[in-house]
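Have a look at the structure below, then the notes.
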Amino acid sequence: LKCVSAGSISGNHTGFGRLPRSLFMVTSSSMLAYFLAFVTLPGRGIAAGNDVVEALVKANAWAKAPTHEDALLLMQASGQVLLSKGSESRLNLKAVTEEAEDFRVLLDEVETPFYIYEPSLYEPRFFGSLATCSRKGADFMFLEQLLDHPMRTYSPRKASVAVIPCLFESYRRCTTTNHAEKPPSFMREYFLNPEDHPEDFEAIPWSKALDDETMKCLTSIMESKEYSRIAPERNIMVVADWAMNFGRTAEMSLFKDMTIGRIEAVDQVEAQISNRAAAQTQSRCTVVVPYASDIAYVEDFKALSTFEDWADRPNLVSFRFEDRQYVLFCQAKVCDGAYDATPLRRRSLDLARLLPGHSSINMERVGLAEYHEELHGSKFCLVIRGDTPSSHSFYDAIASNCIPVLISDRWGMVAQPMGYGKNGEIVGGMDISDFTVGIKEQLWMDDIDAVLQKLWDLSADIPRIKAMYRAMQRDRPRLLWSMPDSRVASLVLKSAEKCATED
């Protein structure tokens with residue numbers, strides 16, 4: 001291991017005669033050390049490692065690994081497969097590939113130091129009024145996951161990313177009634193009757209940008225010595241709330257030099273059709289973060305869920321939506337060019353008519369307990385765009401082990417989890433195609449029978465659907481904030497770092 005760390009290992013050292021020399025030109029010797037821990041279990045020795053590499057060479061697996069890190073992933077995965085099946089077993093490359101996907105998660109974990117502006121000094125609500133809230137936001141869980149993280153540094157100068165702990169989103173979730181997670185829609189009523197607000201009209205973001213406590217938190221941090229020691233774009237504040245992208249909040253210049261973790265980017269297209277030009281350049285960087293799912297809050301993650309359980313679910317598909325118009329309003333009328341997703345959502349009722357007794361599709365809101373039960377009784381869950389391309393139903397589906405059926409053509413452009421970028425144009429992000437059924441909006445509207453047949457065929461293709469279910473299990477900790485051992489916070493920091501450092 002000392003030789004590996006020094007980068008001086010050669011073909012004659014310690015039994016590594018058949019290892020490609022390029023493998024040792026890696027940036028992180030800890031990755032190789034991790035592999036060695038697998039293949040040097042008691043009684044096995046270094047020979048097992050050579051067996052792994054030899055099998056991969058024969059299978060031409062190195063050609064499938066364009067980078068050194070990918071090569072190491074293959075080695076790690078192969079080591080696990082070999083050790084689990086015995087040294088005499090032939091390596092199943094398919095099994096190796098599946099294991100490699102699990103190990104690939106490790107590469108996405110944050111490996112850079114980060115700094116947190118002390119919550120007890122700047123955001124007392126974290127330990128106070130918001131600590132007992134049952135609907136904490138992504139911002140609260142982001143902070144909670146990082147407080148005791150091993151990569152946290154208490155020196156701003158040593159940090160690659162700094163976390164702003166101001167809990168704007170949690171304040172909103174714990175004090176308002178927007179349980180449907182829809183964009184602010186009362187702008188229309190406000191302009192029609194400015195003196196007579198609807199019962200649940202919210203001053204934020206239309207007549208006020210931020211609540212007083214959040215504003216106090218932000219200004220105190222920006223005036224601190226610690227803030228001056230960190231490049232502004234390396235500061236990230238997570239706000240998985242719609243208010244961040246609308247009204248006075250979207251127009252604030254306070255965020256122009258920092259990074260904002262938000263549920264959806266506002267690119268040029270979205271900005272033009274909803275008169276939100278300021279939202280496109282509101283912050284220096286944008287990182288797309290998962291919604292805080294209410295379903296995930298009530299999910300029993302300790303309960304063992306198997307593919308067989310999923311296959312026994314009585315309904316093929318589930319979907320809940322409200323009886324309203326799904327389109328963005330600009331003052332008292334529909335925004336020019338805004339996409340009206342109402343027909344998309346109501347098309348699901350036609351699917352329900354084709355599935356008597358095998359679906360749970362309704363145009364009516366219900367309580368959380370009933371919604372939770374419906375999702376758990378369905379194999380597939382529709383995720384149909386609403387006022388904008390993203391939807392909380394994607395994360396509700398993942399929390400319920402329900403395979404998402406995504407019907408939103410612009411999802412990948414503005415809502416890809418962990419995607420990041422400037423001026424609303426995001427790149428990267430998680431590949432959700434392994435466990436998501438993608439349906440084009442046009443096909444959904446033109447041929448609902450073909451969509452239904454696709455779902456029936458997929459549910460009957462056991463090897464394929466089982467692989468999708470397995471992939472969903474693998475990625476749930478990367479998408480659900482409240483899941484035990486969630487890795488969402490680490491992935492968000494990784495994307496924030498990339499956005500701040502890439503041109």
Side-chain angles (χ1 to χ4, degrees), residues 64-67 70 73 77 93-108 263-265 267 287-291 293 307 310 316-319 344 378-385 389-421 425-444 450-480 483 487-488 491-492 494-495 498:
K64 305 177 189 298
T67 69
D70 287 332
L73 281 170
L93 201 57
K94 180 181 178 182
V96 169
T97 302
E98 290 179 351
E99 292 293 339
E101 285 303 312
D102 288 348
F103 279 110
R104 191 173 299 278
V105 173
L106 296 173
L107 290 184
D108 292 328
I263 50 179
E264 187 176 292
D267 64 2
V287 174
V288 178
V289 303
Y291 283 70
S293 166
F307 173 76
W310 177 90
L316 182 68
V317 64
S318 174
F319 185 53
L344 276 181
S378 300
K379 296 180 175 71
F380 298 96
C381 288
L382 299 180
V383 179
I384 306 176
R385 67 155 293 157
S390 71
S391 173
H392 69 91
S393 56
F394 175 78
Y395 299 98
D396 293 343
I398 298 300
S400 306
N401 285 313
C402 187
I403 292 178
V405 180
L406 183 61
I407 306 165
S408 177
D409 290 354
R410 301 206 76 245
W411 175 282
M413 301 172 194
V414 297
Q416 197 76 354
M418 313 307 166
Y420 61 91
E425 307 294 332
I426 65 170
V427 298
M430 282 184 59
D431 181 3
I432 61 174
S433 62
D434 286 352
F435 58 85
T436 301
V437 182
I439 303 292
K440 291 292 184 182
E441 293 172 13
Q442 195 64 53
L443 176 64
W444 172 252
V451 173
L452 176 57
Q453 190 59 52
K454 181 174 183 176
L455 295 182
W456 279 126
D457 292 345
L458 186 56
S459 63
D461 187 345
I462 301 303
R464 184 181 175 193
I465 197 65
K466 195 170 186 178
M468 292 183 71
Y469 183 84
R470 181 183 184 281
M472 181 169 62
Q473 299 307 305
R474 178 195 70 212
D475 284 343
R476 285 175 89 209
R478 309 173 75 195
L479 291 165
L480 300 176
M483 187 172 182
R487 294 192 290 270
V488 178
L491 295 173
V492 170
K494 190 73 171 179
S495 289
K498 289 178 180 179

Just by distance, do the side chain of [X] and the backbone of [Y] share a donor-acceptor pair under 3.5 Å?
{"X": "Ser391", "Y": "Ser393", "value": "yes"}
{"X": "Gln416", "Y": "Met430", "value": "yes"}
{"X": "Arg464", "Y": "Leu458", "value": "no"}
{"X": "Ser495", "Y": "Met418", "value": "yes"}
{"X": "Glu264", "Y": "Ser390", "value": "yes"}
{"X": "Trp444", "Y": "Leu344", "value": "yes"}

Are any non-hydrogen side-chain atoms of [X] and [Y] less than 4.5 angstrom apart?
{"X": "Leu443", "Y": "Val451", "value": "yes"}
{"X": "His392", "Y": "Ile263", "value": "no"}
{"X": "Asn401", "Y": "Gln473", "value": "yes"}
{"X": "Ile465", "Y": "Lys379", "value": "no"}

task = Start with the C-alpha gap between Leu316 and Ser459, add the side-chain angles, then the distance that decides, and say whether side-chain contact (heavy atoms from CB on, under 4.5 Å) holds.
result = CA-CA 8 Å; Leu316 182 68; Ser459 63; 4.2 Å; yes
Partner set under side chain to side chain donor-acceptor pair (under 3.5 Å) for Asp431, not counting sequence neighbours =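 Asp431: side chain to side chain donor-acceptor pair (under 3.5 Å) contacts with Ser433.
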message = Under the rule for ring-ring contact (aromatic ring centres under 6.0 Å, His included), what residues qualify as partners of Phe394, not counting sequence neighbours?
response =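 Trp411.
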key: Residue pair Val427, Lys498: steps toward the side-chain contact (heavy atoms from CB on, under 4.5 Å) verdict   = CA-CA 10 Å; Val427 298; Lys498 289 178 180 179; over 6 Å; no
About how many Å separate [atom2] of [Y] and [atom1] of [X], when rounded to the nearest 0.5 Å?
{"X": "Met472", "Y": "Leu479", "atom1": "CE", "atom2": "CG", "result": "11.0 Å"}
{"X": "Gln442", "Y": "Ile407", "atom1": "CD", "atom2": "CD1", "result": "12.5 Å"}
{"X": "Glu441", "Y": "Leu406", "atom1": "CD", "atom2": "CG", "result": "9.0 Å"}
{"X": "Met413", "Y": "Ser408", "atom1": "CE", "atom2": "OG", "result": "9.5 Å"}
{"X": "Asp475", "Y": "Thr436", "atom1": "CG", "atom2": "OG1", "result": "9.0 Å"}
{"X": "Cys402", "Y": "Leu382", "atom1": "SG", "atom2": "CG", "result": "8.5 Å"}

Ala399 to Leu480 - nearest heavy-atom pair and separation =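 What the structure gives for the nearest pair is CA-CD1, 3.7 Å.
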key: Minimum-distance pair of heavy atoms, taken over all atoms of Val288 and Val414   =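 That closest heavy-atom pairing would be CG2-O, 3.6 Å.
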Aromatic plane relationship, Tyr395 with Tyr291 - under 30° parallel, 30 to 60° tilted, over 60° perpendicular =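 Ring orientation of Tyr291 relative to Tyr395: tilted.
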query = Can you say whether the rings of Phe380 and Trp310 are parallel (under 30°), tilted (30 to 60°) or perpendicular (over 60°)?
reply =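 Because their plane-to-plane angle is over 60°, the rings of Phe380 and Trp310 count as perpendicular.
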